[in-house]
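Naming convention: chains lettered A, B, ... in sequence-line order (proteins, then strands); numbering from 1 in each chain.
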Number of protein chains: 2
Amino acid sequence: MHEQLKLSNQLCFRLYTVTRLITQAYRPLLDPLGLTYPQYLVMMVLWEQDNQTVGDIGRRLMLDTNTLTPMLQRMEREGLLVRTHGISDGRQTLVSLTKKGIHLEEKAKDIPACMSQNWHGDTMSNDQLNSMVNGIDTLINGMR
Amino acid sequence: MHEQLKLSNQLCFRLYTVTRLITQAYRPLLDPLGLTYPQYLVMMVLWEQDNQTVGDIGRRLMLDTNTLTPMLQRMEREGLLVRTHGISDGRQTLVSLTKKGIHLEEKAKDIPACMSQNWHGDTMSNDQLNSMVNGIDTLINGMR
DNA sequence: TATCTTTGCATCGTGAACGATATAAATTAT
DNA sequence: ATAATTTATATCGTTCACGATGCAAAGATA
């Protein structure tokens with residue numbers, strides 16, 4: 001038996017699991033808004049700055065168009081945003097929020113606080129949280 | 001603009017992203033073995049202890065049968081394992097490694113070291129790594 | 001024994017991820 | 001200006017993740 005192949009020794013398995021559990025925890029909060037977690041990420045990008053191209057959003061979320069395009073199409077069907085072909089550059093697709101998409105921000109504004117409360121609210125110190133965030137940023141930058 | 005809805009403030013987005021990047025980083029190592037990352041997790045569970053039920057594996061990976069059954073069926077088609085109906089309990093499905101599955105451990109044994117090298121190898125201290133692992137365990141236990 | 005409930009697994013449908021490939025517009029090179 | 005290359009999206013196929021549902025075996029209750 002190879003010790004290093006034990007599940008308990010693996011950081012990656014922990015990250016994989018905690019990410020799934022977090023996504024599940026978001027569901028009851030996002031379901032009423034008609035959003036999935038990845039769609040919520042797209043909405044956050046657009047709430048921060050409207051009228052971005054598919055590429056802009058992709059760079060922000062580190063996702064390629066093979067993931068984004070079908071997702072944006074679904075969100076367009078839901079009436080959250082519209083996709084218009086670029087004026088200056090005919091290759092680009094510009095993504096803009098609809099009124100429905102804009103108004104959704106108001107309903108979403110308490111979700112972050114609600115989520116933090118849910119987990120690290122009581123069990124985790126701010127120091128522990130910050131060192132985790134830094135550690136993850138180190139990982140992300142190291143492999144980008 | 002709601003400050004708390006900014007992407008940069010979100011631990012979850014970091015976890016989501018780093019998990020995707022890690023899975024991508026595994027690919028070149030796992031492709032030669034004919035495994036995906038989730039399949040690699042299943043193999044680690046079985047290398048640690050052969051002949052487990054679908055439920056055993058699921059509890060270990062915190063995955064339900066709606067994810068595991070199709071995955072195990074694919075792995076059975078690849079000849080990595082066999083699924084036999086339970087003898088004592090007729091409801092259970094027992095998962096056992098084939099010779100091919102057993103021999104694969106030898107080829108996989110250097111993957112963990114290779115992966116650690118890839119990221120935190122140089123950029124991350126052991127202390128930082130440990131505090132991350134503890135932080136994630138705290139999160140996982142807090143929301144399970 | 002007959003019925004009810006629980007348990008273990010399978011199936012289905014939808015929404016991601018992502019490698020591979022395609023396509024048209026824009027840019028560069030010849 | 002024509003051809004070659006790059007860029008921005010889109011499409012396709014496969015694998016996961018997961019809620020919902022189905023079903024048969026096992027266990028509990030009447």
Side-chain angles (χ1 to χ4, degrees), chain A residues 12-13 15-28 30-32 34-43 52-78 80 83-95, chain B residues 12-13 15-28 30-32 34-43 52-78 80 83-95:
Chain A
C12 332
F13 171 60
L15 288 168
Y16 161 82
T17 300
V18 78
T19 300
R20 282 195 306 107
L21 294 181
I22 286 176
T23 306
Q24 287 173 34
Y26 265 103
R27 205 177 305 272
L30 291 175
D31 264 353
L35 291 175
T36 65
Y37 181 67
Q39 290 175 5
Y40 171 63
L41 293 179
V42 170
M43 292 305 284
Q52 299 195 61
T53 67
V54 176
D56 291 336
I57 300 171
R59 274 182 292 280
R60 201 69 207 289
L61 299 179
M62 298 195 227
L63 288 170
D64 207 346
T65 63
N66 52 4
T67 298
L68 279 176
T69 297
M71 196 160 88
L72 293 170
Q73 286 169 345
R74 282 187 288 270
M75 294 172 79
E76 187 170 35
R77 279 202 300 274
E78 296 298 323
L80 297 170
R83 296 154 62 245
T84 52
H85 280 286
I87 332 96
S88 56
D89 188 330
R91 295 167 299 179
Q92 296 181 336
T93 296
L94 194 67
V95 181
Chain B
C12 331
F13 171 60
L15 288 168
Y16 161 82
T17 301
V18 78
T19 299
R20 281 193 308 107
L21 294 180
I22 287 176
T23 306
Q24 287 174 33
Y26 265 105
R27 206 177 303 271
L30 291 176
D31 265 353
L35 291 175
T36 65
Y37 181 68
Q39 290 175 4
Y40 171 64
L41 292 179
V42 170
M43 292 306 284
Q52 299 195 58
T53 66
V54 175
D56 292 336
I57 299 171
R59 273 181 293 278
R60 201 69 207 290
L61 299 180
M62 299 194 225
L63 288 170
D64 208 345
T65 64
N66 52 3
T67 298
L68 280 176
T69 297
M71 195 160 89
L72 293 170
Q73 287 169 345
R74 284 187 287 270
M75 295 172 80
E76 186 170 35
R77 281 203 299 273
E78 296 297 324
L80 297 170
R83 296 155 61 245
T84 53
H85 280 287
I87 333 96
S88 56
D89 188 330
R91 293 166 301 180
Q92 295 181 336
T93 296
L94 195 68
V95 181

If the condition is side chain to side chain donor-acceptor pair (under 3.5 Å), which residues does [X] pass it with, not counting sequence neighbours?
| X | answer |
| --- | --- |
| A:Arg74 | none |
| A:Arg91 | A:Asp89 |
| A:Thr53 | A:Asp56 |
| B:Thr17 | none |

All side chain to side chain contact (heavy atoms under 4.5 Å, CB included) counterparts of [X], not counting sequence neighbours:
| X | value |
| --- | --- |
| A:Glu76 | A:Leu81, A:Val82, A:Arg83 |
| B:Thr65 | B:Val54, B:Thr69 |
| A:Asn66 | A:Asp64 |

All N/O pairs under 3.5 Å across the protein-nucleotides 18-20 of chain C interface:
residue: C:dC18; atom: OP1; partner: B:Gln24; partner atom: NE2; Å: 2.8
residue: C:dC18; atom: OP2; partner: B:Arg20; partner atom: NH1; Å: 2.7
residue: C:dC18; atom: OP2; partner: B:Gln24; partner atom: NE2; Å: 3.3
residue: C:dC18; atom: N4; partner: A:Asn66; partner atom: O; Å: 3.3
residue: C:dG19; atom: OP1; partner: B:Arg27; partner atom: NE; Å: 3.4
residue: C:dG19; atom: N7; partner: A:Asn66; partner atom: ND2; Å: 2.6
residue: C:dG19; atom: O6; partner: A:Asn66; partner atom: ND2; Å: 3.2

Checklist entry - Residues two or more places apart in sequence or in another chain: which of them pass ring-ring contact (aromatic ring centres under 6.0 Å, His included) with B:Tyr16? => result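 B:Tyr16 satisfies ring-ring contact (aromatic ring centres under 6.0 Å, His included) with A:Tyr37 once adjacent residues are dropped.
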Next on the checklist: Please tell me if B:Gln92 has a side-chain N or O lying less than 4.0 Å from either OP1 or OP2 of D:dA26.
Outcome noted: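 No, because none of the side-chain N or O atoms of B:Gln92 sits under 4.0 Å from OP1 or OP2 of D:dA26.
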Next on the checklist: Five pairs per end, C1' atoms only: what is the angle between the end axes of the helix from C:dT1-D:dA30 to C:dT30-D:dA1, to 10 degrees?
Outcome noted: 10°
Quick one: which protein N/O atoms are closer than 3.5 Å to N/O atoms of nucleotides 23-25 of chain D? Pair and distance per line, please.
none

Between the protein and nucleotides 21-23 of chain C, list every N/O to N/O distance that falls short of 3.5 Å.
none

